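A short worksheet on the structure shown next.
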Protein chains: 4
Amino acid sequence: MESQRDREDTEPQPAVMSSGRLEALSDGVFAIAITLLVLDLAVPSREESRDGGLAAALARQWPAYFAYLVSFLIIGIIWVNHHTVFDKVRRVDRPVLFANLGVLLAISVIPFPTRLLAEYLTAGRDAHVAAAVYSATMLVMGLAFGALWVAITRDAALLHEHLDPAVSRTALRRFGLGNIFYLATIGLSFVSAIATLAVHAALAIYYCFDQLPTGPQARARRRR
Amino acid sequence: MESQRDREDTEPQPAVMSSGRLEALSDGVFAIAITLLVLDLAVPSREESRDGGLAAALARQWPAYFAYLVSFLIIGIIWVNHHTVFDKVRRVDRPVLFANLGVLLAISVIPFPTRLLAEYLTAGRDAHVAAAVYSATMLVMGLAFGALWVAITRDAALLHEHLDPAVSRTALRRFGLGNIFYLATIGLSFVSAIATLAVHAALAIYYCFDQLPTGPQARARRRR
Amino acid sequence: MESQRDREDTEPQPAVMSSGRLEALSDGVFAIAITLLVLDLAVPSREESRDGGLAAALARQWPAYFAYLVSFLIIGIIWVNHHTVFDKVRRVDRPVLFANLGVLLAISVIPFPTRLLAEYLTAGRDAHVAAAVYSATMLVMGLAFGALWVAITRDAALLHEHLDPAVSRTALRRFGLGNIFYLATIGLSFVSAIATLAVHAALAIYYCFDQLPTGPQARARRRR
Amino acid sequence: MESQRDREDTEPQPAVMSSGRLEALSDGVFAIAITLLVLDLAVPSREESRDGGLAAALARQWPAYFAYLVSFLIIGIIWVNHHTVFDKVRRVDRPVLFANLGVLLAISVIPFPTRLLAEYLTAGRDAHVAAAVYSATMLVMGLAFGALWVAITRDAALLHEHLDPAVSRTALRRFGLGNIFYLATIGLSFVSAIATLAVHAALAIYYCFDQLPTGPQARARRRR
């Protein structure tokens, strides 16, 4: 009973809510941010297509496609991990709501550095600045996600079942490691903007496989 | 049983509906409005970056980031409060639906005064007009939220459980107080646009902590 | 049991589905269309604000605000009525899915004639064309909504409970009457674009009160 | 019990989740992509309306309306089929989540080739390139949908009930056939861009009627 998305047990405690609407708002923000990215892909004007035709004009836009793909992948992965985290959550209180707003702020802002990098990826010195802004956004996102994890795990009453403190700490250490990588990409930005974007793609693919640790028991039960 | 999002008890009464779809539409509008704000962050053109590079061009855009952050925070807080209010609601009738549309109108329009303020925050005399439009939008939002609260609490049959009239009046008085503050920010706009935006940020942070009053009983049950 | 959003009874019949995801997609389209309208409100450029300041430049944009408000109201009302109709629906089949896509097409296109009317409302002869396009969009929307109603009521198995054929016919006649009004506004467009928009506002407000007919029995049960 | 969207059976298996949030994100992306298409319909500028008035200027935009309608229809159909597929799904694991992200990538990118085709449909030689990009997007979408089907049907534990391998293979063959058609439209693009768009409309209408195969048994139970 307790794990249904029912409301009985949330009413008497206005400050502790079921996570249904938080997930609905979050899914909305993820869906919009991931879809708004397409507005950054500009149709070449007739003038831009004059030299070498439309095909060449489209080909010259490769930084926009590259940035689009990496940002799509990143938002997608974060959504999967957000999903994985909230599958453990039974109730949310105000600290969790605000920590989650922090994550949503970072997610919803991603189309801006993506556009910036698409515009400046091959612009010489300014490419470094654009890549650093992109990397800094990812660092903020990583820190916000870590803060969300702390907000959720600080109170066992918010979770569906007991979470082993060791597991929680391992997850936190992994988040921390990710943030060190993001910090490193800010430095890398001043070496090569293109390499920075490639590293972000690689980090996202790494997170595809990396997930919250699951014990052998959980793994055994999976296919039950 | 009665507090489930079931449909049995709503069918025979076409004019009184469960609040599920109202929350879905509202979450959609909140999610889109909060994410559309990012479209107001313009990538500096190559020309704008000529003097001092991209970093300087981005730094010159600080009013846009400031307005973005404040509006994000405001929409986020209103969402949390909307969530808190509808956790008490069992059914909605047409007056509630239309009062809620009023709130959504105010929410969905926020990206416009945000863009206006971002563009004119440092524009001398016009900054005052932009800040006044921003403040007036918040006042309309505050009034619409108050009207929604009246529409919800006017009929006990719409709520999950009895709401103490004193509690309801206290909440209404707090909404009223907020509106007086919003009214005051319209006046402040003609003194300083930047101070006005800072006050809106402070008001939003104040609303983070301020919530619907909860009795000591409810507080005691929270961590049960 | 039968009225829950469960899946047991939908699985064995792939062509007859529960209405949950149809409502989710529809709420998404409604929420986005109603929020995208704000993108039509353009911030006056610094040049446009030169004569008489920003306040005068904003005041000159009144057609955009008027069109915005009317379209917001119209989409809001249609959403309320869509909500009211689907509260009666238990399952959807492919004809209903496609009739609903027709309604969503009309809804999602509304920001375009709104922008058109905002731009041309005071543009002399072209205002008539813009108003006619706006009115024609509403007519298409009205026809699509009527088709959706026919698709839903053609098969009693799709509904939660028996719907009196007389009630269904009365509702259809009202939809038909609305469409005759919409047709008339196309004619009115060539007399006065501003009057046409005002009539659309009045029609929307009329639909606020007009709803699916409810028998005295249903009315009696409402406040039970 | 097992077919409810409950959480009990998903918690102990972090890597195998209920499909609720996947559907929520997907519905969000579908709803946004289908509604963003309207941003591609540009209001003719006052200058463009000088020759022959607004009516003529709007008429000259017919490629944009044509592309809009076809893309709307395509996204709508894919949504219906996505809905049909996930009605069979009980749980999703990470391969399904990532295959679904592939489908969402293809869906969310559709507004870009639509805008491209709207701009270049009557632009002579470049029209062929635009049509080929449009067709290639549909091919990618078809391949992603096929991969999603393989990811879902590879593990019977993810489905609500046993799916006849013959049925699964038939569905896969149909997806494959669709992809051969999409591949053929890339070739057709270099003959006629307008014919290519018309064929995409025809393919979409064909998919309206084509659905996952249902046995006579299922059909008999439909109206139970």
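On a predicted model such as this, the values are computed, not experimentally measured, just so you know. Order of the sequence lines sets the chain letters (A, B, ...), proteins ahead of strands, with each chain counted from 1. Every heavy atom of this structure was used, including side-chain atoms; hydrogens, water molecules and symmetry mates were not.
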Looking at [atom1] of [X] and [atom2] of [Y], how far apart are the two atoms once the value is rounded to the nearest 0.5 Å?
X	Y	atom1	atom2	answer
A:Leu25	B:Asp27	CG	CG	6.0 Å
B:Ile75	A:Ser108	CD1	OG	9.5 Å
A:Leu104	B:Trp79	CG	CH2	8.0 Å
A:Phe112	B:Leu58	CZ	CG	5.5 Å
A:Leu36	B:Leu36	CG	CG	6.0 Å
B:Thr35	A:Ile34	OG1	CD1	12.0 Å

- Query: Is there a donor-acceptor pair closer than 3.5 Å between any side-chain N or O of B:Arg46 and the backbone N or O of A:Glu119?
  - Reply: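 Side chain of B:Arg46 to backbone of A:Glu119: a pair is present.
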- Message: For B:Leu54, is there any backbone N or O sitting under 3.5 Å from a side-chain donor or acceptor partner on A:Asp126?
- Response: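 Confirmed, A:Asp126 side chain pairs with B:Leu54 backbone.
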- Does the side chain of A:Val109 come within less than 4.5 Å of B:Leu41's, by heavy atoms? yes
State, to 0.1 Å, how close [X] and [Y] come at their nearest heavy-atom pair, and which atoms those are.
X	Y	answer
A:Arg94	B:Thr84	NH1-OG1, 3.9 Å
A:Arg115	B:Val43	CB-CG2, 3.6 Å
B:Pro44	A:Leu116	CD-CD1, 3.8 Å

- Task: Check each atom of A:Ala127 against the heavy atoms of chain B and say whether the ones under 4.5 Å are side chain, backbone, both or neither.
- Result: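 Nothing of A:Ala127, per the 4.5 Å heavy-atom cut-off to chain B.
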- Query: At a heavy-atom separation under 4.5 Å, does A:Ala130 approach chain B through its side chain, its backbone, both, or neither?
  - Reply: both
- Message: Counting neighbours of OH on A:Tyr182 that are heavy atoms of other residues, nucleotides or ligands and sit closer than 6.0 Å, is the number greater than 12?
- Response: yes
Measuring heavy-atom distances to chain A, does [X] have an atom under 4.5 Å in its side chain, in its backbone, in both, or in neither?
X	result
B:Phe72	side chain
B:Leu39	both
B:Ala42	backbone

- chain A: which of B:Gly28, B:Gly76, B:Ser49 shares the most heavy-atom pairs with it under 4.5 Å?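 Looking at each of B:Gly28, B:Gly76, B:Ser49 in turn, B:Ser49 comes out on top.
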- Message: Counting heavy-atom pairs closer than 4.5 Å to chain B, which one of A:Val129, A:Val133, A:Ile107, A:Leu105 comes out on top?
- Response: A:Leu105
